[in-house]
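Reading through the structure tokens given below for one structure.
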Amino acid sequence: MESLLVLVGLIVLAIPVTIVVLLVSQTRLRRRVEHLEQQILSLGGAAAETRAEAPRPELRKPTKKPEKAPKPAPWSAAKAQSPKPPTEDTIPAAVVFREERFAALTDWLRENWFYAVSALSLALAGIFLVQYGVESGLLPPTARVIAALLFGAAMIVAGEVIRRKYGDDETSATAYLPSVFSGAGLVTLFGGILAARQLYGLIGPEAALAAMVLVALVGLVLGWFHGPLLAAVGLIGAFAAPFVVGGTSENPAWLYAYFFVVAVLGLGIDTVRRWAWISVLTLFGAYSACLLLVLSSPISEPEYLVCVMALAVAAIAIPVRRIWPGHDGPMITSIIWRKKGDVWPEFPTRIAFAAVAVSTAIVSVHWADSSGEFWLGVALLSGLTLGLMVWGERAEALQDAIVLPALGLIWFVLVHGWDNGAVLRAFAETYAETPEADYPWVVTILTALGALISITAAWRSMRAQSYAEIWAGAAAVFAPALAIALEIGWHPARVIGAYPWALHAIALGVLMVVLAERFARVDGDNRMRPALATLSALSCLTFACVIVLSSAALTIALVVMVVVAAALDRKFNLPPMSWFIWAGVFTITVRLVLNPGLDWASTAPVVEMALVYSVGTSGFLIGWVLLKPLDRPLAILLLESAAWATGGILLSLLLERWLQSFGEGNATDSHWGLGLLAVIWLLLAFAQVQRFELGGKLNYARYVLAVFFAGHGLLRLVQALVEANPLLSTVAPPVLGPPVLNTLAVAYLLPALAIGFSVWRFHATPLWLRRVSYGLSAGLAALWLGMMIRHVWQGAEGMYEGNGVTQSELYTYTMALLVIGATLFYQSLARRSDLMRKAGLVVIGLAVAKVFLIDIAGLGGLIRVFSLLALGLALAGLAWLNRWAKLRQSPQQAEPLDH
């Protein structure tokens, strides 16, 4: 049986060798035939030339048509083509994933699939050679390894012999054969070394790694002379070899070094030949192999993280063949605003950006189940961020890639806190058992790390030839953003206390002040970078206030910050301060309305509530006064609208708290409480309407907010008109106060005045909204007038409509309509408004209808007489006034009645 196995193994090894021998023999025979044909043709042409009488200087024509040019392989290098200026909107040739490349690869595999099969067969033959006889023990392990190494070396030598003697280009008959042999030989060498270490333990990991580096160097040199098929075969086989060889190991972490060496081999070959797709294949194989290895051996996760980050570094440095990267050209993000005809990012830029993105994603989403893995992830992400800033200073095209590990670091720290990671648990339990325990330095170290990255970004901003302001913005944002991530995910104040944690924020604010001073010293009149650092300093101080102050004190501190920002803008001419003012106004409004908001204002002490809202109103007014002389339309309009809205909310809240002191109803079930809530929400809605004139895409958000606030206000107003209306419900809270100056005015007249005044004050209000608002305001005012008249005659106990109407009340309604109509007529005369005159006629018509349809039946005695008398005199007087007004406004005389 053992002899039979040996015979089968020899037959398997002989099949590919036989195929190769036949191909070489056929190639030699074809070359000899072609050589003989050329000699015959040359002899025939010379004889004909001697028989000719007069030789003519003509070129010898071939006797047969030349063969068609071979189809190019799918991996033809873009370097072979002469560069052309980017006059057309075409994708550069180095882009790997293109339709024509996949089509060319399909065509090549269809015509030359046997080369790939041959390479696979030879590679497997070499690998299985070291495994042969494991069970039978025919060969000792050392002999098996030596046989595999000799077999691999023989394949490489055979490939070199064929390449040197017959060539390896696509026009030769032996095309791809040298690559097949040499590639299979490289895979066999890698397999033999892996078997010596992984299967049999003949050598240690150091010796195995050194041997692999040597084989990789050989493969690197061969790749520079052979075609891309060798590189592809060698890379695929090298990445697959550890999984094919098999074996067991308690800690296979040393294989990550092997995969990294193979990746360097592939990138090193492609950095000279510029096939582009070889680099893509290399990184894809390296990341995939590392992933498979870590899935099979989770204990090797730290080595896995180091390896993937090292792959990103290799992808940055090797394609450009520089120790200090110097990637030129546009950045990857330039594709977003790229115009037709613009240059695409170079291939080294694309491959480096992709590797940084993949490595950052792997490390940042990795779950650190131990303290060591957490700090390893922090070190890798921060190291890559700082490395790209300092080491990649000359790589202008990789500036946008720095954003990836920077954001990955913030996310990694934040998620570790959210998921209650090992470091957070240790941090939270610092003083749980031992109150005298040492101070936990974890949040301090992370905050200092964020400060270091911000300082490095500021250094880049000082040295940058372009995007200096963006670098300054990164310096101003990163450290506070990392501190905010710690606050959200880790809650350091619960462990170290509010004041020590606030000192961290204050320290960052001091750092930003120093950066602002440095930028101001360098930039002179250009205030963008100092403004960005100043904004960050204000934000850090605000963050410190958030940590240590109470709810009311925090709102007051935010108002003070907005005033300080306006003062700094006024003093030093810092236009970016408008951004901070915008954010501050938004935050303060949220705190005043939503969180802690109106619910807090309804229950907090009156003095504290009044202080918060009055400080907010006065702060907005002070900021508005400070910025009024400057060209700051955004900030000025925001402060103005916020001041009006906050002032109205303050008055409404004070009135509500005063009315609550009577103990009759509250803001949720009384007509006056619902009316005050309607006033507050309608003021907020009109504040958004006032900001419509700012324009821009933020107007869509303002539309949504205006609709939300207005809808909320109208809902409260409808509740006040229906559910809590003392005229319609017997269980509604009673009317409080004397006639005229009572809660009816608060519930209905105050919203009418708020709506009408807001529309009158805004000049850019849409016409349809102006008309609707004036109509609603007039309707509410009319309703209040009617209910006020009823309250005068019926009192608070007789407001319910089921109590009927007295004759005096009915007569008063008529007189009120007549007075209103007369007033409208007078105003139409004073303002020359035909619309107002028509409105007066409508009111008079209502009065007439009321008298003849209601008063005649409901009144009696002298009151009926006085009602008709007043109506007649009023109509006569208004008729004369109407005719006089028309004559005054008409350029012609009035026509006689008998005309």
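Being a predicted model, the structure only gives us computed values, none of them experimental. When reading the values below, keep in mind they use all heavy atoms of this one structure, side chains included, and skip hydrogens, waters and symmetry mates.
- The local environment of CH2 in W600 is crowded, with over 12 non-hydrogen atoms from other residues, nucleotides or ligands closer than 6.0 Å.
- The closest side-chain heavy-atom distance from V264 to T282 is not below 4.5 Å.
- Side-chain contact check for Y256 and S300: at least one donor-acceptor pair (N or O, by modelled atom type) lies under 3.5 Å.
- The environment of CG in L594 is crowded: more than 12 heavy-atom neighbours from other residues, nucleotides or ligands sit within 6.0 Å.
- Formation of a donor-acceptor pair under 3.5 Å by the R529 side chain with backbone atoms of D523 is not found in this model.
- Partners of E301 by salt bridge (charged side-chain N to carboxylate O under 4.0 Å, His left out), not counting sequence neighbours: none found.
- Expressed to the nearest 0.5 Å, how far OH of Y287 lies from SG of C307 amounts to 8.5 Å.
- Residue-environment remark: CZ (F586) stays at or below the threshold of 12 foreign heavy atoms within 6.0 Å.
- Under a cut-off of 6.0 angstrom, the local environment of CH2 in W441 is sparse, with at most 12 non-hydrogen atoms contributed by other residues, nucleotides or ligands.
- Atom-to-atom distance recorded for F478:CZ and S454:OG is 7.0 Å, nearest 0.5 angstrom.
- Rounded to the nearest 0.5 Å, atoms CZ (F519) and OG (S461) are 4.0 Å apart.
- Applying the side chain to side chain donor-acceptor pair (under 3.5 Å) criterion to R591, with sequence neighbours excluded, gives S551, T555.
- Checked against a 6.0 Å centroid threshold, the rings of F580 and W582 do not count as neighbours.
- In this structure, R460 does not pair ionically with E393, as no charged nitrogen and carboxylate oxygen lie closer than 4.0 Å.
- For the atom pair R463 CZ and M389 CE, the distance stands at 14.0 Å (nearest 0.5 Å).
- In this structure, the side chain of R657 engages the main chain of A601 through a donor-acceptor pair within 3.5 Å.
- Between the CG atom in L388 and the OG1 atom in T456 there is a gap of 12.0 Å [rounded to 0.5 Å].
- Atom OH of Y700 has 12 or fewer heavy atoms from other residues, nucleotides or ligands within 6.0 Å.
- At least one donor-acceptor pair under 3.5 Å links the side chain of D400 to the backbone N or O of I332.
- Judged as a side-chain hydrogen bond (donor to acceptor under 3.5 Å, both in side chains), not a single pair has a partner in residues 507-516 (not counting sequence neighbours).
- Using a 4.5 Å heavy-atom cutoff, the side chains of F543 and P480 are not in contact.
- In this structure A315 satisfies the side chain to side chain contact (heavy atoms under 4.5 Å, CB included) test together with L283, A355, sequence neighbours excluded.
- The two atoms that bring A314 and P319 nearest to each other are O-CD, 3.6 Å, heavy atoms only.
- Not a single ring-ring contact (aromatic ring centres under 6.0 Å, His included) links H366 to another residue, sequence neighbours left out.
- The aromatic rings of H712 and W681 lie perpendicular to each other, with more than 60° between the two planes, well past the 30° mark.
- Residues that satisfy the ring-ring contact (aromatic ring centres under 6.0 Å, His included) test with H504, not counting sequence neighbours, are W501.
- Here the options are L311, I316, V403, the test is side chain to side chain contact (heavy atoms under 4.5 Å, CB included), and the partner is V356; only I316 passes.
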Inset, instruction - Walk me through it: do V358 and V308 pass the test side-chain contact (heavy atoms from CB on, under 4.5 Å)? - result: CA-CA 8 Å; V358 174; V308 296; over 6 Å; no

